[in-house]
K.L.:
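I have a structure here, written as structure tokens, and I will follow up with some questions on it.
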Amino acid sequence: MSLRSFFAKIFANIVVMQQQKWMIRPVETQQQVFNSLISQAKFTQFGKDHLFSNIKNYSDFKQLVPIRDYEALKPYVERVVAGEKDILWKGKPLYFAKTSGTTSGVKYIPISKESMPSHVAGARNAILFYIQETGKADFVNGKMIFLQGSPEMHEQNGIKVGRLSGIAAHYVPKYLQKNRLPSWETNCIDDWETKVDAIVQETKDQNMTVISGIPSWVQMYFDKLIHVSSKKVGDLFKNFNLFIYGGVNYEPYRKKFEQLIGRKVDSIELYPASEGFFAYQDSQKEKGMLLLLNAGIFYEFVKADEFFTENPKRYTIGEVELNVNYVLIISTNAGLWAYNIGDTVMFTSLKPYRITVTGRIKHFISAFGEHVIGKEVEQALQQVLSDSDAQVTEFTVAPQINPETGLPYHEWLIEFENEPANLEAFALKIDDALCKQNSYYNDLIVGSVLRTLVVTKVPQGGFNEYMKSEGKLGGQNKLPRLSNDRKIADFIHTIK
């Protein structure tokens, strides 16, 4: 055992013991976070507008602070972006994490000096929990790769702006700098294909032990490694035994990854977002991720099936139940208040509180991290139909993660009344319209993670057959415009 791995185990034991102090006091911990947030934000503009000085308890907070999404909070955010102080949180943010919103265009999510440490500690502690539980620490002697956005930032009214993963790159601990890949120069490459090619060249001869990133991007990296080396990833990197991921569900990729690697490797799931680092997998034996209740975030939960009703009930951590789908609502030490991030979660454990991410509160496709929503696919299709003689009866969209050949893609299953003269040209026009609406999807197309969408013609009455098979033919039942699985698509292909 090396000195590095020896001390890693000692450090892991210390950190895990520290975390367990709040894990055994979840309700009290959240109450302390709540009190601290209200106290520190009393004299902000938001705090004044919402009478924070009158808030004595959570009941007061619910009455005075309604649930908001980004669009509703935007007037405050715009004032912060313009350079004003003490608007959502005291002073100015350290950073804005710039994201491409699916409904609000570009979003500027504030990160404060109080919230930044939690972003940094989350991934670190996930690894330390893994070391403490498994006793495996030799990987700290090898090289670690983190596939992420460019660390380059620009400044806007005294506040640095960049992608969250790029911001986090500035906080890699010094003791990991020598082990970390890719190089700073490679990380700054904007073009994704060029960047991955450079990463392959930098890493193919290294002792890679940990690989981290969104599964769809990592799969592209693996494919290129195999092409260059003519070896499976596990043969190329004989000591690679830990994959760290977040952003999308890994399960659809797991079988493919094991084929590419040539063996099974341990994995750790993270739940980071620009709005906060919410959870990480704390055990290889238990299902779900540990919800971080001491990280400057006060959590509320609304049952997903009640969310769109008038004044849905809001629950705190001590009131949640197992196996109920909740919309996640957060208030943070960066100035987000009763904020709906759009995700839905389900508790797998209450001692400690562990969650799985179940999806988005609205219909979506995010098999590759693209967050495509119904409004976008409908508008893209309508835009193309408006300049075409084609007529559509019904349609739905599903991801094809494991095609027999070529890159993955979105499959548009369309029942035509009148078919377009050129189906391939029709598909390319829809793809172009969708790329212009959704930057995440565009990045995946440009980065050759996805190929352009494929249109499949559905036999007349095909969707009715599906709805009938589900007992949902007629009435107010609607065919989902899109889904994150292939249940509908697979049925349609059986009737072709």
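We count residues from 1, following the sequence as given. Because only heavy atoms are used, hydrogens play no part in the values below, and waters and symmetry mates are left out as well, while side chains stay in.
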K.L.:
Are the side chain of E370 and the backbone N or O of F368 linked by a donor-acceptor pair below 3.5 Å?
P.N.:
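The answer is yes, because a donor-acceptor pair under 3.5 Å joins these two groups.
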
K.L.:
Using a 4.5 Å cut-off on heavy atoms from C-beta on, say whether the side chain of E300 contacts that of F298.
P.N.:
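Yes, close enough: below the 4.5 Å cut-off.
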
K.L.:
If every non-hydrogen atom of S274 is compared with every non-hydrogen atom of I111, which pair is closest and at what distance?
P.N.:
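Result for this residue pair: O-CG1, 4.2 Å.
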
K.L.:
Give a yes or no on this: more than 12 heavy atoms of other residues, nucleotides or ligands lie within 6.0 Å of atom NE2 of H227.
P.N.:
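Incorrect, the count does not exceed 12.
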
K.L.:
Check for a donor-acceptor pair, side chain of N187 on one end and backbone N or O of P151 on the other, with a separation under 3.5 Å.
P.N.:
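Side chain of N187 to backbone of P151: no pair is present.
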
K.L.:
Quick one: do F426 and F416 satisfy ring-ring contact (aromatic ring centres under 6.0 Å, His included)? Show the steps, please.
P.N.:
CA-CA 12 Å; F426 184 81; F416 289 99; 5.8 Å; yes

K.L.:
Can you give me the closest heavy-atom contact between S183 and E202, atom names plus distance?
P.N.:
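The answer is OG-OE2, 2.7 Å.
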
K.L.:
Under 30°, 30 to 60°, or over 60°: which ring-plane class applies to Y280 and F129, parallel, tilted or perpendicular?
P.N.:
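Ring orientation, 0 to 90° scale: tilted.
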
K.L.:
Decide yes or no for L181 and I199: does some side-chain heavy atom of the first lie under 4.5 Å from some side-chain heavy atom of the second?
P.N.:
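In short, these two side chains do not touch, never coming nearer than 4.5 Å.
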
K.L.:
Can you tell me if NZ on K429 sees more than 12 non-hydrogen neighbours from other groups inside 6.0 Å?
P.N.:
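No.
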
K.L.:
Please work out whether the ring planes of F237 and Y221 are parallel, tilted or perpendicular, with thresholds of 30° and 60°.
P.N.:
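The arrangement is parallel - the two ring planes meet at less than 30°.
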
K.L.:
Is the number of heavy atoms from other residues, nucleotides or ligands under 6.0 Å of K224 NZ greater than 12?
P.N.:
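Check passes, neighbour count above 12.
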
K.L.:
Measure from the side-chain N and O atoms of K195 to the backbone N and O of T186, and report whether any donor-acceptor pair falls under 3.5 Å.
P.N.:
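Absent.
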
K.L.:
With sequence neighbours excluded, tell me which residues meet side-chain hydrogen bond (donor to acceptor under 3.5 Å, both in side chains) with E419.
P.N.:
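In terms of side-chain hydrogen bond (donor to acceptor under 3.5 Å, both in side chains), with neighbours along the sequence ignored, E419 is linked to K457.
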
K.L.:
A quick test of your reading: do over 12 heavy atoms of other residues, nucleotides or ligands sit less than 6.0 Å from CD of E424?
P.N.:
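No, CD of E424 has 12 or fewer neighbouring heavy atoms, counting only those of other groups under 6.0 Å.
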
K.L.:
Run the side chain to side chain contact (heavy atoms under 4.5 Å, CB included) check on Y70 and V77 step by step: do they pass?
P.N.:
CA-CA 9 Å; Y70 185 83; V77 175; 3.5 Å; yes

K.L.:
Please determine whether a side-chain nitrogen of the Lys or Arg among R481 and E394 lies less than 4.0 Å from a carboxylate oxygen of the Asp or Glu.
P.N.:
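Yes.
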
K.L.:
Going by ring-ring contact (aromatic ring centres under 6.0 Å, His included), F301 matches just one of Y353, F347, F307. Which one?
P.N.:
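Passing option: F347.
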
K.L.:
Test your reading of the model: is there a side-chain donor-acceptor pair from E319 to the backbone of T316, 3.5 Å cut-off?
P.N.:
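Yes; at least one donor-acceptor contact below 3.5 Å.
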
K.L.:
Give the intermediate values and the outcome of side chain to side chain contact (heavy atoms under 4.5 Å, CB included) for residues F139 and D266.
P.N.:
CA-CA 12 Å; F139 63 83; D266 288 346; over 6 Å; no

K.L.:
Counting heavy atoms not belonging to D490, are there more than 12 under 6.0 Å from its CG?
P.N.:
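Yes - once you tally the heavy atoms of other residues, nucleotides and ligands closer than 6.0 Å, there are more than 12.
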
K.L.:
Might you point out which heavy atoms bring H170 and W184 nearest each other, and give the distance in Å?
P.N.:
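Distance-wise, the nearest heavy atoms are CE1-CH2, 3.5 Å.
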
K.L.:
So, E465 side chain and I495 main chain: donor-acceptor pair closer than 3.5 Å or not?
P.N.:
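Such a contact is absent between E465 side chain and I495 backbone.
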
K.L.:
With a 4.5 Å limit on heavy-atom distance, are the side chains of I211 and T203 in contact?
P.N.:
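No, their side chains stay 4.5 Å or more apart.
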
K.L.:
Which heavy atom of V372 sits nearest to which heavy atom of L434, and what is that distance?
P.N.:
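Shortest heavy-atom separation between V372 and L434 comes out as CG1-CD1, 4.2 Å.
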
K.L.:
Measuring from F96:CZ to I159:CD1, what's the distance to the nearest 0.5 Å?
P.N.:
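Interatomic distance, F96 CZ to I159 CD1, rounded to 0.5 Å: 4.0 Å.
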
K.L.:
Report yes if some heavy atom in the side chain of Y315 is under 4.5 Å from a heavy atom in the side chain of K303; otherwise report no.
P.N.:
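They are in contact (side-chain heavy atoms under 4.5 Å apart), so the answer is yes.
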
K.L.:
Which atoms form the tightest heavy-atom contact between A367 and P399, and what is the distance?
P.N.:
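Smallest heavy-atom distance, with atoms named: CB-CB, 3.7 Å.
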
K.L.:
Donor-acceptor pair, S388 side chain versus V384 backbone, under 3.5 Å?
P.N.:
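Judged by distance alone, no pair lies under 3.5 Å.
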
K.L.:
To the nearest 0.5 Å, what is the distance between CG (N207) and CZ (F240)?
P.N.:
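Interatomic distance, N207 CG to F240 CZ, rounded to 0.5 Å: 12.0 Å.
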
K.L.:
Judged by atom type as modelled, is there a donor-acceptor pair below 3.5 Å linking the side chain of N239 to the main-chain atoms of T209?
P.N.:
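Side chain of N239 to backbone of T209: no pair is present.
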
K.L.:
Can a donor-acceptor pair be found, under 3.5 Å and without considering hydrogens, that links the side chain of Y326 to the backbone of E321?
P.N.:
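Checking the backbone N and O of E321 against the side chain of Y326, a donor-acceptor pair under 3.5 Å is found.
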
K.L.:
Where does the angle between the aromatic ring planes of H410 and Y441 fall among parallel (under 30°), tilted (30 to 60°) and perpendicular (over 60°)?
P.N.:
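If you compare the ring of H410 with that of Y441, the planes turn out tilted.
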
K.L.:
Side chain to side chain contact (heavy atoms under 4.5 Å, CB included), that's the test. Do L291 and I317 meet it? Break it down for me.
P.N.:
CA-CA 10 Å; L291 186 64; I317 194 68; 3.9 Å; yes

K.L.:
Do F243 and F222 make the cut of ring centroids closer than 6.0 angstrom?
P.N.:
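Between F222 and F243, which both carry aromatic rings, the centre distance is not below 6.0 Å.
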
K.L.:
With a 4.0 Å cut-off, would you call E470 and K487 a salt bridge?
P.N.:
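Yes.
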
K.L.:
What's the separation between atom NZ in K98 and atom NZ in K107, rounded to the nearest 0.5 Å?
P.N.:
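Reported to 0.5 Å precision, the distance equals 14.5 Å.
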
K.L.:
Side chain of Q400, backbone of N402: donor and acceptor closer than 3.5 Å?
P.N.:
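Between the backbone of N402 and the side chain of Q400 there is a qualifying donor-acceptor contact (under 3.5 Å).
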
K.L.:
Is there a side chain to side chain contact (heavy atoms under 4.5 Å, CB included) between S349 and E286? Walk through the geometry before answering.
P.N.:
CA-CA 9 Å; S349 167; E286 304 294 336; over 6 Å; no

K.L.:
With sequence neighbours left out, what residues match E193 under side-chain hydrogen bond (donor to acceptor under 3.5 Å, both in side chains)?
P.N.:
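Residues passing side-chain hydrogen bond (donor to acceptor under 3.5 Å, both in side chains) with E193: S448.
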
K.L.:
From N484 CG over to I365 CD1, what is the distance, rounded to the nearest 0.5 angstrom?
P.N.:
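Result: 7.0 Å between the selected atoms.
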
K.L.:
Looking only at heavy atoms, which two atoms of I67 and V302 are closest? And how far apart?
P.N.:
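Nearest pair, atom of I67 first, then V302: CD1-CG2, 3.8 Å.
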
K.L.:
Are any side-chain N or O atoms of Q437 and backbone N or O atoms of E376, one a donor and one an acceptor, separated by less than 3.5 Å?
P.N.:
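Yes; judged by distance alone, with no hydrogens or angles, the pair exists.
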
K.L.:
Pair Q284, T134 - check side chain to side chain donor-acceptor pair (under 3.5 Å), show working.
P.N.:
CA-CA 8 Å; Q284 295 290 300; T134 66; over 6 Å; no

